[in-house]
Amino acid sequence: MAPVSKTSTPRLGNVLKRAFFDRDVREVAPDLIGATMLVDGVGGLIVEVEAYHHTEPAAHSFNGPTPRNQIMFGPPGYAYVYRSYGIHWCVNFVCEEAGSAAAVLIRALEPTHGLAAMRRRRHLQDVHALCSGPGKLTEALGITIAHNTLPLDRPPIALHARTEDVEVVAGIRIGITKAVELPWRYGVRGSKFLSKPFPK
């Protein structure tokens with residue numbers, strides 16, 4: 001994937017409709033790598049995600065629906081936003097048919113659109129650190145609980161398919177204590193924008 005340039009903005013691919021997410025979460029997750037995520041025109045290329053499914057105990061939906069996770073049990077193609085450790089917002093994309101309760105956590109972006117807004121929100125200049133984690137990217141894109149339950153194919157959210165081939169690598173998920181053996185973390189091999197490098 002080409003490095004970010006201050007003078008050029010990557011071409012956007014086709015808009016990803018909600019039907020894109022009506023598949024196995026382990027198929028959707030790697031297909032999101034290299035796609036562009038924008039919120040009110042601010043965002044970048046998705047370089048790292050994690051898949052979660054109701055059949056494994058690391059998923060918020062494992063023990064059934066609650067007021068917080070109810071959106072995961074609905075139809076695919078909606079945003080699930082929650083507070084992590086009482087500090088950071090995290091954004092997920094709901095996948096699979098209604099009742100399945102699967103979602104993809106967006107872990108890191110390569111900033112391409114609206115860098116000035118991201119730097120202002122994050123109070124830093126280093127482009128590699130703007131969106132290198134799930135809490136960092138939500139702050140950079142201005143995502144809050146107000147975005148919870150919003151459709152992924154309507155403003156203010158826009159998702160565009162990748163326009164270039166990327167080398168996707170898989171590994172175990174980060175920061176969890178259950179189902180730690182599942183290789184459901186996906187990312188761009190060698191990207192400098194990851195929250196944490198993949199083992200070589």
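Computed from a predicted model, the values in this text were never measured in an experiment.
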Looking at [Y], is its backbone amide N or carbonyl O close enough to the side chain of [X] to form a donor-acceptor pair, meaning the two atoms are under 3.5 Å apart?
X      : Y      : answer
His88  : Gly135 : no
Glu56  : His53  : yes
Arg83  : Ile87  : yes
Arg18  : Pro151 : no
Glu50  : Arg107 : no
Asn148 : Ile145 : no
Ser61  : Gly64  : no

Linking I/L/V/M/F/W/Y whenever their side-chain heavy atoms sit closer than 4.5 Å, directly or via other members, would [X] and [Y] fall into one cluster?
X      : Y      : result
Val168 : Leu159 : yes
Phe20  : Val94  : no
Val47  : Ile172 : no
Val104 : Val188 : yes
Ile106 : Leu130 : yes

Subject >> Asp153/Lys17 ion pair, N-O < 4.0 Å >> reply: no
Original post:
Would you call Arg11-Glu164 a salt bridge at under 4.0 Å N-O?
Top reply: no
Original post:
Can you check whether Pro134 reaches Leu105 side chain to side chain, under 4.5 Å on heavy atoms?
Top reply: yes
Could you work out, with salt bridge (charged side-chain N to carboxylate O under 4.0 Å, His left out) as the rule, every residue matching [X], not counting sequence neighbours?
X     : value
Glu96 : none
Asp22 : none
Arg23 : Asp31

Residue pair [X] / [Y]: nearest heavy atoms and the distance that separates them:
X      : Y      : result
Ile176 : Ala58  : CD1-CB, 4.0 Å
Val81  : Ile143 : CG2-CG2, 4.1 Å
Cys95  : Val28  : SG-CG1, 3.8 Å
Met118 : Cys131 : SD-SG, 3.7 Å
Leu194 : Ala108 : CA-CB, 4.2 Å
Val25  : Ala102 : CB-CB, 3.8 Å

Subject >> Which residues share a side-chain contact (heavy atoms from CB on, under 4.5 Å) with Val169, sequence neighbours left out >> reply: Arg189, Phe198
Calculate, to the nearest 0.5 Å, the distance between atoms [atom1] and [atom2] belonging to [X] and [Y] respectively.
X      : Y      : atom1 : atom2 : value
Leu109 : Ser195 : CG    : OG    : 11.0 Å
Cys90  : Leu137 : SG    : CG    : 8.0 Å
Leu45  : Glu110 : CG    : CD    : 5.0 Å
Ile157 : Leu152 : CD1   : CG    : 5.5 Å
Thr163 : Leu12  : OG1   : CG    : 8.0 Å
Ile33  : Ile46  : CD1   : CD1   : 7.0 Å

Original post:
More than 12 non-hydrogen atoms from neighbouring residues, nucleotides or ligands closer than 6.0 Å to CG on Asn14, yes or no?
Top reply: no
**OP:** May I have the step-by-step check of side chain to side chain contact (heavy atoms under 4.5 Å, CB included) for Leu124 and Arg119, ending in yes or no?
**Re:** CA-CA 5 Å; Leu124 54 81; Arg119 285 172 166 144; 5.6 Å; no
Mind listing the side-chain donor-acceptor pairs of residues 177-186 below 3.5 Å, one per line with the distance, residues two or more places apart or on another chain?
unit_1	atom_1	unit_2	atom_2	d
Arg185	NE	Glu48	OE2	2.8
Arg185	NH2	Glu48	OE2	3.1
Arg185	NH2	Lys196	O	2.2

Ring centres of [X] and [Y] under 6.0 Å apart?
X     : Y     : answer
His54 : Phe62 : no
His60 : Tyr52 : no
Tyr78 : Tyr80 : no

Subject >> Worked verdict on Leu32 versus Phe21 for side chain to side chain contact (heavy atoms under 4.5 Å, CB included) >> reply: CA-CA 10 Å; Leu32 283 168; Phe21 300 93; 4.1 Å; yes
Original post:
Could you go step by step and tell me if Leu38 and Asp40 meet the side chain to side chain contact (heavy atoms under 4.5 Å, CB included) rule?
Top reply: CA-CA 6 Å; Leu38 302 174; Asp40 287 320; over 6 Å; no
Original post:
What's the verdict on side chain to side chain contact (heavy atoms under 4.5 Å, CB included) for Phe193 and Val127, showing C-alpha distance, side-chain angles and the deciding distance?
Top reply: CA-CA 8 Å; Phe193 298 88; Val127 67; 4.3 Å; yes
Subject >> Where at least one partner belongs to residues 134-143, residue pairs that pass side chain to side chain donor-acceptor pair (under 3.5 Å), sequence neighbours excluded >> reply: Arg122-Glu139, Ser132-Lys136
